[in-house]
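The sequence lines fix the lettering, A, B, ..., with proteins before strands; numbering per chain opens at 1.
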Amino acid sequence: MIDTKELKSRYDEIKKNISDRYMNVDLDEIIAIQDERYSIMQETEALRTKRNENAAKMKGKLEQDVRMALIEEGKKIKAELQEKEEKLAELDKTFQEKARTIPNYASPKAPVGKEDKDSLAIKFYGEPTKFSFKAKDHVELGEELDILDFESGAKVSGQKFYYIKNKAVILQMALERYAMDIVLKHGFTPFITPDIAKEEILNGIGFNPRGEESNIYTIEGTGTCLVGTAEITLGGYYSNMILDKKDLPIRMTGLSHCFRREAGGAGQYSKGLYRVHQFSKLEMFIYCLPEESEKAHEEILSIEEEIFQGLEIPYRVVDTATGDLGAPAYRKFDIEAWMPGRGESGEYGEVTSTSNCTDYQARSLNIRYRDDDGKVKFVHMLNGTAVALSRAIVAILENYQNEDGSVSIPKALIPYCGFDRIEKC
RNA sequence: GGAAAGAUGUCCGAGUGGUCGAAGGAGAUGGACUCGAAAUCCAUUGUAGGCUUCUAGCUUACCGAGGGUUCGAAUCCCUCUCUUUCCGCCA
């Protein structure tokens, strides 16, 4: 969340940010709740002071009637205090809930706009793959090659589930290891994280596990959820801790399953592996000093590019428009790989995403460091996809398809796969 | 899953109802001593929040977490989490 002490001093800025992001947050209501909370808080504290003073008077030896009078007084204060404290707790809860909905300040460099098409393509790598034949999409390729099975996925688990079969299994493992090797080379510490996390962690990262539009599966009666990304488990790792400044930046990379409800996400642009309820992903995460976060963001992006350049897949980099930024993000870069089977005759489709969340998550999760001036300050937290296996497989199958329906393996993956081609068996 | 013991400030560690934001020690910082250093001595040394007469003062909360008892809780009670040890079970 943002610093709620600044709601009034940065009022115009916050308001503009909310409107730039096309979000519906009533800042004035939140400030009104905050004011009421402060005033109840003061009344509560005054009563507590009275209670403490009253109790302090009873320390020594006292006449019985004096003591009884003080106890009576104490009981009266206690009753009053209880009432105030209940009210305060209620206000606190409401305030926290509402304040959490205020988005992070967006970078002044992020393009302002409502949706996808307002985002800026800031870089192109390679030319969209051309074929001398009609390109198939990954669904057709995958089913013909008997390496993807959506029908069985739907039968056993439901819509948007799938089985990966045969050489695609090896391909996925190869991709995992290939991306891991690149990330490790850049000094990241590898993790395999839990696939389940507590709601408080989800909230701290900025995911809302509740509500109709939530993309999160909650596990009934446990207070936990299936993670949608290892960003959650990597970001929760240091919650409530004060980090040593000399240990920063901390670079972590985590492999996890990712579960997403994707309610209502159907249609041509979500078909096949592109939008699914479960996939695996290798995620990068950095905790760093505030002054280093923009540089760290560039670093993550460049590793993501290195991974896709190594696969020789054409892509573009997109600087996400304010209206399309997640609430915690200060700035977000997506890599969109060329997908020849997408749309009429190929389109770019998102394969990675990296966000600089500045101190937004750190404030909720209480992750700080001690600065040279002795003060504790919030770290900046960044995340980025190393490789989302399902989407990377979409890009590989569609870009590396051959006229006979077989699929070649990108050069960089051949040593990891042990074969250079997937063909009909 | 069962049993026992434990969880206190940066660390170690005392503290079984009021004199405890918390003894003592270590560490760190500043100062004295010294040519300098060590030793010694003195002082300072948690976090978050609120208010005000805002380079300061006042005040609230925090002793694993959450509840409860009480005029008053680090201290008593309940639940949970974690750690250690033992038993059971298991990949």
Counting only side-chain nitrogens and oxygens, does A:Thr49 get under 4.0 Å of the OP1 or OP2 atom of B:rU59? no
What side-chain donor-acceptor pairs closer than 3.5 Å can you find for residues 81-88 of chain A, not counting sequence neighbours?
residue	atom	partner	partner atom	Å
A:Lys84	NZ	A:Glu43	OE1	2.5
A:Glu85	OE2	A:Arg48	NE	3.0
A:Glu85	OE2	A:Arg48	NH2	2.9

Rounded to whole angstrom, note down the P distance from B:rG25 over to B:rA43. 11 Å
A:Leu255: what forms a side chain to side chain contact (heavy atoms under 4.5 Å, CB included) with it, not counting sequence neighbours? A:Glu176, A:Ile192, A:Leu282
Classify the nucleic acid contact of A:Lys57 as base, sugar-phosphate or nothing, counting any heavy atom under 4.0 Å across all strands shown. nothing
Separation between the C1' atoms of B:rU10 and B:rG67, rounded to whole Å: 31 Å
Taking the side chain of A:Arg368 as its heavy atoms from C-beta onward, which of B:rG50, B:rA61, B:rU47 lies nearest to it? B:rU47
Name the atoms and distances for all side-chain donor-acceptor pairs under 3.5 Å in residues 284-295 of chain A, with sequence neighbours left out.
residue	atom	partner	partner atom	Å
A:Tyr287	OH	A:Leu234	O	2.5
A:Tyr287	OH	A:Gly235	O	3.2
A:Ser293	OG	A:Pro290	O	3.4
A:Ser293	OG	A:Asn356	ND2	3.2
A:Ser293	OG	A:His380	ND1	2.9
A:Glu294	OE1	A:Lys109	NZ	3.0
A:Glu294	OE2	A:Tyr330	OH	3.2

Separation of B:rG49 atom C1' from A:Leu88 atom CG, nearest Å, is 11 Å
Considering only the C1' atoms, how many Å lie between B:rC86 and B:rG27, rounded to the nearest integer? 37 Å
Atom NZ of A:Lys377 and atom C1' of B:rA48: how far apart are they, to the nearest Å? 17 Å
If I pick the C1' atom on B:rA7 and the same atom on B:rU59, what distance separates them, to the nearest angstrom? 30 Å
Heavy-atom check, side chain of A:Ser256 versus side chain of A:Val227, under 4.5 Å: yes
Residues from residues 30-42 of chain A sitting under 4.0 Å of RNA chain B, heavy atoms only? A:Tyr38, A:Met41, A:Gln42
Given protein heavy atoms under 4.0 Å, the one-letter contact record of nucleotides 65-81 of chain B, with B base, S sugar-phosphate only and - none, is simply -----BBS---------
Ring pair (Phe, Tyr, Trp, His ring centres under 6.0 Å) contacts in which one or both residues fall within residues 2-41 of chain A, not counting sequence neighbours: none
Could you give the CE-to-P distance, from A:Met1 to B:rA48, as a whole number of Å? 16 Å
Distance between the C1' atoms of B:rA22 and B:rA61, in whole angstroms? 15 Å
Donor on one side chain, acceptor on other, A:His138 and A:Tyr274, under 3.5 Å: no
d(CD, A:Glu43; C1', B:rU60) in whole Å: 14 Å
Taken to the nearest whole Å, CG/A:Asp92 to C1'/B:rA48 is 13 Å
Would you list the pairs meeting ring pair (Phe, Tyr, Trp, His ring centres under 6.0 Å) in which at least one residue belongs to residues 169-190 of chain A, sequence neighbours left out? none
Between B:rA91 and B:rA5, how far apart are the two P atoms, rounded to whole Å? 32 Å
Using the P atom as the reference point in each nucleotide, state the distance between B:rU8 and B:rA3 in Å, no decimals. 24 Å
Protein-nucleotide distance (A:Lys84, atom NZ; B:rA61, atom C1'), rounded to Å: 19 Å
With sequence neighbours excluded, give me every salt bridge (Lys or Arg N to Asp or Glu O under 4.0 Å) pair touching residues 230-240 of chain A. none
So A:Val379 and A:Tyr238, do their side chains get closer than 4.5 Å, heavy atoms only? no
Only counting residues at least two apart or in another chain, list the ones meeting side-chain hydrogen bond (donor to acceptor under 3.5 Å, both in side chains) with A:Glu151. none
Strictly by salt bridge (Lys or Arg N to Asp or Glu O under 4.0 Å), give each pair with a member in residues 65-76 of chain A just once, sequence neighbours left out. A:Glu73-A:Lys76
What residue pairs, at least two apart or across chains, pass salt bridge (Lys or Arg N to Asp or Glu O under 4.0 Å) with a residue in residues 278-289 of chain A? A:Lys281-A:Glu283
Sort by first number and list every stem of RNA chain B: at least 3 consecutive Watson-Crick or G-U wobble pairs, both distances under 3.5 Å. B:1-7 with B:81-87, B:10-12 with B:24-26, B:27-32 with B:40-45, B:46-52 with B:56-62, B:64-68 with B:76-80
Measure CZ/A:Arg48 against C1'/B:rG49 and give the value in whole Å, please. 11 Å
Please name the pair of heavy atoms, one in A:Val183 and one in A:Ile307, separated by the smallest distance, quoted to 0.1 Å. CG2-CD1, 4.2 Å
Given the C1' atoms of B:rA14 and B:rG66, what is the spacing between them in whole Å? 27 Å
